[in-house]
Amino acid sequence: MAEGATVRWLVRLTPVAGRKVDDLLKVPLSLDVWEREADTVVAVASEQTIAELERRRIAGVERLRTIADLESGAPSSDHLDGQSEGP
């Protein structure tokens, strides 16, 4: 990876107890929201943004895949809907 390159992740964010998704979305951080549900958000975030979310204890962060892996078509056992592929 090039020096200074930023790793971007597809993440599932779950607001901490007592907070709602709306609270999470009001925080002025750089999130590219892909999917919003009642209790989670799937978004793209940089390592720096993830670190800030964790430091401030705003949300639980589940790293799903790097964007580089997603763009390269690398196989993954993780699925956004939590279900495996197959019949």
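Sequential numbering from 1 along the given sequence is applied to the chain's residues. The basis for the numbers below is simple: all heavy atoms, side chains too, and nothing from hydrogens, waters or symmetry mates.
- Shown here are the salt bridge (charged side-chain N to carboxylate O under 4.0 Å, His left out) partners of Arg56, two or more places apart in sequence or in another chain: Glu52.
- The line from CZ of Arg8 to CD1 of Ile50 is 11.0 Å long, rounded to the nearest 0.5 Å.
- Val27 and Val16 fall into different hydrophobic clusters, where Ile, Leu, Val, Met, Phe, Trp and Tyr side chains are chained together by heavy-atom contacts under 4.5 Å.
- Every residue was checked against the side-chain hydrogen bond (donor to acceptor under 3.5 Å, both in side chains) condition with Glu54, not counting sequence neighbours, and none meets it.
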Please lay out, stage by stage, how Leu13 and Val61 fare under the test side-chain contact (heavy atoms from CB on, under 4.5 Å).
-> CA-CA 5 Å; Leu13 304 173; Val61 179; 3.7 Å; yes

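- For the pair Leu10/Asp69, no side-chain contact is recorded, criterion being any heavy-atom separation below 4.5 Å from C-beta on.
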Would you be so kind as to tabulate the donor-acceptor pairs closer than 3.5 Å made by side chains of residues 38-47, with sequence neighbours excluded?
from	atom 1	to	atom 2	distance (Å)
Thr40	OG1	Glu37	OE1	3.3
Ser46	OG	Gln48	N	3.4
Ser46	OG	Gln48	OE1	3.3
Ser46	OG	Thr49	N	3.1
Ser46	OG	Thr49	OG1	3.2
Glu47	OE1	Arg63	NH2	3.4
Glu47	OE2	Trp9	NE1	2.6

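- Here Arg36 pairs with Asp22 under the side-chain hydrogen bond (donor to acceptor under 3.5 Å, both in side chains) rule; sequence neighbours left out.
- The side-chain hydrogen bond (donor to acceptor under 3.5 Å, both in side chains) search around Arg57 returns none, not counting sequence neighbours.
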Determine, step by step, whether Leu24 and Leu53 satisfy the side-chain contact (heavy atoms from CB on, under 4.5 Å) criterion, reporting the C-alpha distance in whole Å, the side-chain angles of both residues, the deciding distance to 0.1 Å, and the verdict.
-> CA-CA 9 Å; Leu24 175 62; Leu53 286 165; 4.0 Å; yes

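- The distance from atom CG of Asp23 to atom CD1 of Ile58, rounded to the nearest 0.5 Å, is 10.0 Å.
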